[in-house]
Amino acid sequence: SDGDEAADGTTRLTVNCMPPKSAKVDRQFFEEEIAAFEKKNPDIDVVPHDAFPCQDPKTFDAKLAGGQMEDVFYTYFTDARHVVDIKQAADLTPYVKELKSYGTIQQQLRDIYTVDGKIYGIPRTGYSMGLIYNRELFEQAGLDPDRPPATWDEVRTAAKKIAALGDGVVGYADYSAQNQGGWHFTAELYSQGGDVVSADGTKATVDTPEARAVLQTLHDMRWKDESMGSKQLLVINDAQQMMGSGKLGMYLAAPDNIPILVKEKGAKYENIAIAPMPGGKATLVGGDGYMFNKNATPEQIRAGLKWLDHMFLTPGDGFLGDYARAKQHDAPVGLPEPRLFTGAADAKDQQVKQANANVPVENYKAFLEGNQQLEMKIEPPHAQQLYSVLDGVVSAVLTKEDADIDQLLQDASGKIDGILARS
Ligand SMILES: OC[C@H]1O[C@H](O[C@H]2O[C@H](CO)[C@@H](O)[C@H](O)[C@H]2O)[C@H](O)[C@@H](O)[C@@H]1O
């Protein structure tokens, strides 16, 4: 940790995941919260580092191993056990009892950061994936925006019609780099009842008809229908940019993309809707939280927990929960997001949220209703390593017309078996 106890007794705390300058509204909210927190806690000096996305799976382990990680750092749910396994996490168990709000967080989220009975992290948000689409483009393409595609065949048909609008409009976009291709491939496979590893977590299950079907659909959309555009190796920011500028019909995403599309990428939220995952079987669920550097001092851990309490764990307040401020800045409030809190804390959060809701909730109705029929399926073990392997498969299919899908899946299956065997 590069945070020190200064001679004047101030605890210096490095934290990451500050929104970058380009995310103007969120950056302003974050800076306001730092000022408010430091005013309340004059003995704590918060040193924020910005990043988007907040975690880069490609550099994460090296940053930890090299001692470069912040005192309080952002993690995906998929990282929790891994960070503990590689002995880079501080044990928060003795301190968490001082954090009253910890008990208000949903138990299943707390469990994600509890390893062998010890607490190593604080959950922040959860998500389930759906299909974000542009209602205006649907109308222009002669599609009914109130009846979004429910199957992958329907996605394919809709994408073709949207791409036929021309003028650089892409029907359906998908990621294929920075582990994001593997992540979406997993979601697409889940949506049709498949999986990437066996139920006991020992064997790959990607050399299967279900996985071949996912890739064949992507291949045909890309090369036969030409509905996925020619630019590939896309990452989150690319699809958001395309959707925000009105050049994309559909992409897979969680509802937390909607504020980004509106606040940063120029979309109008009446145009942006979200449907349940096509396929009808399951939707991938994930989320994030914070862990502490293994070298953090007790003072830094205490200060960091106070920081998280202020930023994320005060219902109806803080960086994400100050819905009144969000509304004043015309940022969307009332999105269909899974709940973080339980009991009275949840009631308070929901009450403040509803009082400030400003989004067209009918645009999210299909997602909310459809989700009730879907299995909520968590990400696989060793997710980031698997996603890295699967990135290679998806990127090959989207960049080479003659990609050999059978061979790609056979090779990926072998590599995944190796990862699972070594763990
Ligand atoms: O919109 C949902 C979330 O999407 C991103 O997180 C996910 O991205 C990873 C791909 O690198 C994936 O491996 C991970 O497990 C996911 O949770 C995004 O970074 C999050 O901010 C966002 O909530």
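Note that the structure is predicted; figures quoted are calculated from it, not measured. One-based numbering, in listed order, for ligands and for the atoms of each.
- Judged by the 6.0 Å and 45° rule, R302 forms no cation-pi pair with Y95.
- Looking at atom 13 (O) of ligand 1, its nearest protein heavy atom turns out to be Q384 NE2, 2.8 Å.
- Among protein heavy atoms, atom 23 (O) of ligand 1 sits closest to D256 OD2, 2.5 Å.
- Between Q180 and ligand 1, not a single N/O pair is under 3.5 Å apart.
- At a heavy-atom cutoff of 4.0 Å, ligand 1 is contacted by the side chain of I236 but not by its backbone.
- Salt bridge annotation for D207-R212: present, with a cationic side-chain nitrogen under 4.0 angstrom from a carboxylate oxygen.
- Classified by interplanar angle (parallel below 30°, tilted 30° to 60°, perpendicular above 60°), the ring pair H219/W223 is tilted.
- Every atom of ligand 1 with a heavy atom of Q178 under 4.0 Å away is listed here by number and element: 11 (O).
- Some N or O of N257 is nearer than 3.5 Å to an N or O of ligand 1, by distance alone.
- Proximity to A254 (heavy-atom distance under 4.0 Å) selects the following atoms of ligand 1: 1 (O), 2 (C).
- Salt bridge annotation for D225-R156: present, with a cationic side-chain nitrogen under 4.0 angstrom from a carboxylate oxygen.
- In this structure, P53 counts as a contact residue of ligand 1, since one of its heavy atoms falls inside 4.0 Å of the ligand.
- The side chain of P57, and not its backbone, has at least one atom closer than 4.0 Å to an atom of ligand 1 (non-hydrogen atoms only; side chain from C-beta on).
- Cation-pi contact between R325 and F29: present, with separation from the ring centre below 6.0 Å and deviation from the ring axis of at most 45°.
- Summarising the contacts of atom 7 (C) of ligand 1 with W183, F52, Y74, Y387, the nearest heavy atom is found in W183.
- Summary of contacts: the protein heavy atom closest to atom 15 (O) of ligand 1 is E379 OE1, 2.7 Å.
- Salt-bridge check for E31 with R27: passed, with a basic side-chain N closer than 4.0 Å to an acidic carboxylate O.
- Taking a cutoff of 4.0 Å between a charged side-chain nitrogen and a carboxylate oxygen, K263 and D330 do not qualify as a salt bridge.
- Across the listed options Y127, F60, Y76, Y76 owns the non-hydrogen atom lying nearest to atom 8 (O) of ligand 1.
- For the pair R135 and E270, the salt-bridge criterion is not met [side-chain N within less than 4.0 Å of a carboxylate O].
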